[in-house]
**Q** 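Got a structure for you, questions after.
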Number of protein chains: 2
Amino acid sequence: MDEAPHYRPLYRQVYGFLVKQIADGSWRPGESLPSEQALAARLNVSQGTVRKALDSLAVEKLVERRQGKGTYVAEHTQERALFRFFRLTTIGGVRAIPTSAGETVRRREARRDEIQRLNLASGALVVEINRTRLIDGKPAIHERIILPLALFPGIDKRTPLPNALYSLYQHEYGHNIVAAHEELRAELARKEDARRLKLKPGAPLLHIDRIGVALDGMRVEWRTSRCDTSHLVYAVTLS
Amino acid sequence: MDEAPHYRPLYRQVYGFLVKQIADGSWRPGESLPSEQALAARLNVSQGTVRKALDSLAVEKLVERRQGKGTYVAEHTQERALFRFFRLTTIGGVRAIPTSAGETVRRREARRDEIQRLNLASGALVVEINRTRLIDGKPAIHERIILPLALFPGIDKRTPLPNALYSLYQHEYGHNIVAAHEELRAELARKEDARRLKLKPGAPLLHIDRIGVALDGMRVEWRTSRCDTSHLVYAVTLS
DNA sequence: GAGTGGTCTAGACCACGCA
DNA sequence: GCGTGGTCTAGACCACTCT
């Protein structure tokens, strides 16, 4: 007997309704939602039930709640978009701001591995972005970013791209990145790594493979980063 | 005016009380807490307030709640202790079970970096554990674990140590590891790495530096792992 | 059927931000 | 002073587990 759950609590239904509204853009990033009272009245449930749904949304960082003011659709501001999923810090533990250098953008047919990772149809078009990131003015990370063109029409014409791509995704294309699945390996610098990051071939590199997942569960971005960790570390707290 | 918060909500006070009881061992791992009703009566608050505190504890994985049964003090079972903070998977994404080989345990005075990382007094004694971990029978990870002897009296006499150390820490010493701060870098295999992991010197290694933090906030363990990531990846989901 | 946690409601009051 | 979210209470009923 492996049945689907026979029943969804009311607050989960309210939660689903709110997520849909946000995904649709009925309330835009940065805007405030109706008050708990107003939502409760509109949906014919008690305020406590709305509250429970909103609290879940806040935990998942889809909304922000401010006592005395209201509940706001969370926004990937430039600042936060840069750091929410960016785990690299200088060795003292300080976040250094990455800047871009040497950006190239082109569109082409998706390769087999890209089709698989991003759940694309064969023959789909993608945009490939290559850019080197500087920390304290020195090249430290090389990123290759693969985007399905269908989800980001015309993004290859928007050069130069902003520092914080996730903010662009959210505001211009409505794709709200809410989770990132990362896989890390140690590798050796190849010739092209050495050139881009001013290293010797054979130097150790941290290779990071990230799939960015949007609010609706779609895999929206594949990003591979190759990082010189002689002056940086990837810091994460597990709990 | 940088004042301390003027007031702590009731449910936070209840939360603090419960954490203290668990830390003290008043309820032992695996045992059930009193029911919400009973706690509410004992503490003179409403059941809803107790519930809110228990829900926080459940989110932080200090307790587990089972509908129809009760609320239980979370337990680092062998199984879960192994995997809760273990992010290495085989490339298909499957968790492989590590086994131990070549374990050495000795006690000595703490070195400067250990004193700093574990907040020790100078001259404090530590236990150093070195062991190589096998995945699918092949050496893949070398761990060096530093423990303050004061927190783990006699642990150096307990060889061979179990596979899941965190379970031992919790049940035998009352140190409940609830968070791990990890820092990752790519490095090259040195001669001793090469010997232990059957690699060539100069092969890439993932170096993981972990501080294990206990329930009371104490830094209880410093663990450095050096991993051959040719057949493994470090997988983590950011959100 | 008894006891547990889970959901839902209604209402009172508190803390905060703003005009 | 008003409206917002935050806390706290009391009580009803539901879903689950075990006896």
Side-chain angles (χ1 to χ4, degrees), chain A residues 1-19 21-22 27-75, chain B residues 1-19 21-22 27-75:
Chain A
M1 301 279 215
D2 55 345
E3 317 185 10
H6 262 157
Y7 116 107
R8 244 198 332 169
L10 243 189
Y11 73 88
R12 288 299 300 173
Q13 299 176 39
V14 173
Y15 171 91
F17 168 79
L18 295 172
V19 168
Q21 295 291 305
I22 294 173
W27 308 304
R28 303 200 52 79
E31 282 182 15
S32 74
L33 272 62
S35 74
E36 295 180 353
Q37 292 287 3
L39 285 170
R42 186 192 319 177
L43 302 174
N44 265 302
V45 298
S46 79
Q47 189 191 357
T49 300
V50 171
R51 169 180 295 278
K52 200 162 175 182
L54 286 172
D55 282 345
S56 312
L57 289 171
V59 165
E60 298 167 29
K61 297 184 190 163
L62 280 169
V63 303
E64 282 175 19
R65 317 197 70 191
R66 294 181 215 146
Q67 186 174 161
K69 298 192 68 178
T71 302
Y72 296 79
V73 180
E75 199 172 8
Chain B
M1 301 281 210
D2 55 346
E3 316 186 9
H6 263 158
Y7 117 108
R8 244 198 332 168
L10 242 189
Y11 74 88
R12 288 300 299 172
Q13 299 176 39
V14 173
Y15 171 93
F17 168 80
L18 294 171
V19 168
Q21 295 291 305
I22 294 173
W27 307 305
R28 302 201 54 78
E31 282 182 15
S32 74
L33 272 61
S35 73
E36 296 180 351
Q37 292 287 4
L39 285 170
R42 184 186 327 169
L43 301 174
N44 266 301
V45 299
S46 79
Q47 190 192 357
T49 300
V50 172
R51 169 180 296 280
K52 200 160 178 186
L54 286 173
D55 283 346
S56 313
L57 289 171
V59 165
E60 297 167 29
K61 297 185 188 160
L62 280 169
V63 303
E64 283 175 19
R65 317 198 71 190
R66 295 180 215 146
Q67 184 173 158
K69 298 192 69 178
T71 302
Y72 296 79
V73 180
E75 199 172 8

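Below, read A as the first sequence line, B as the second, and so on, with proteins coming before strands; counting in each chain starts at 1.
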**Q** Would you mind reading off the distance between L39(B) atom CG and dT4(C) atom P, rounded to a whole angstrom?
**A** 11 Å

**Q** Between E36(A) and R65(A) (salt bridge meaning N to carboxylate O under 4.0 Å), is one present in this structure?
**A**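 R65(A) and E36(A): salt-bridged.
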
**Q** Between P on dG6(C) and CZ on R12(A), what's the gap in Å once rounded to a whole number?
**A** 15 Å

**Q** Answer yes or no: is there a side-chain heavy-atom contact under 4.5 Å between L54(A) and V14(A)?
**A**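 A side-chain contact under 4.5 Å is absent here.
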
**Q** On the ring face of Y72(B), is R66(B) found with NZ or CZ under 6.0 Å from the centre and within 45° of the axis?
**A**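 Yes; both conditions hold, so R66(B) lies above the ring face of Y72(B).
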
**Q** State whether the distance check finds a donor on one side and an acceptor on the other, under 3.5 Å, for side chain R51(A) versus base dG6(D).
**A** yes

**Q** Would the base of dG6(D) count as contacting R65(A) through its side chain, where contact means a donor and an acceptor less than 3.5 Å apart?
**A**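 Such a pair does not exist between side chain and base.
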
**Q** In whole angstrom, give the distance that lies between atom CD of Q37(A) and atom P of dT4(D).
**A** 8 Å

**Q** If you round to the nearest 0.5 Å, how far is CG of L33(B) from CG of L18(B)?
**A**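 Answer rounded to 0.5 Å: 6.5 Å.
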
**Q** Do the non-hydrogen side-chain atoms of E60(B) and Y15(B) ever get within less than 4.5 Å of each other?
**A** yes

**Q** Using atom CG of D55(A) as one end and atom P of dT7(C) as the other, report the distance to the nearest whole Å.
**A** 13 Å

**Q** Take the protein atom NZ of K52(A) and the nucleotide atom P of dG6(D), then report the distance between them rounded to whole Å.
**A**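 About 16 Å, once rounded to whole Å.
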
**Q** Is there a side-chain polar atom (N or O) of T71(B) under 4.0 Å from OP1 or OP2 of dG5(C)?
**A**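 Yes.
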
**Q** Which nucleotides of nucleotides 9-19 of chain D have their base under 4.0 Å from a protein heavy atom (B), which only their sugar-phosphate (S), and which neither (-), written as one string 5' to 3'?
**A** B-----BBSS-

**Q** Is the closest side-chain heavy-atom distance between V59(B) and S56(B) below 4.5 Å?
**A** no

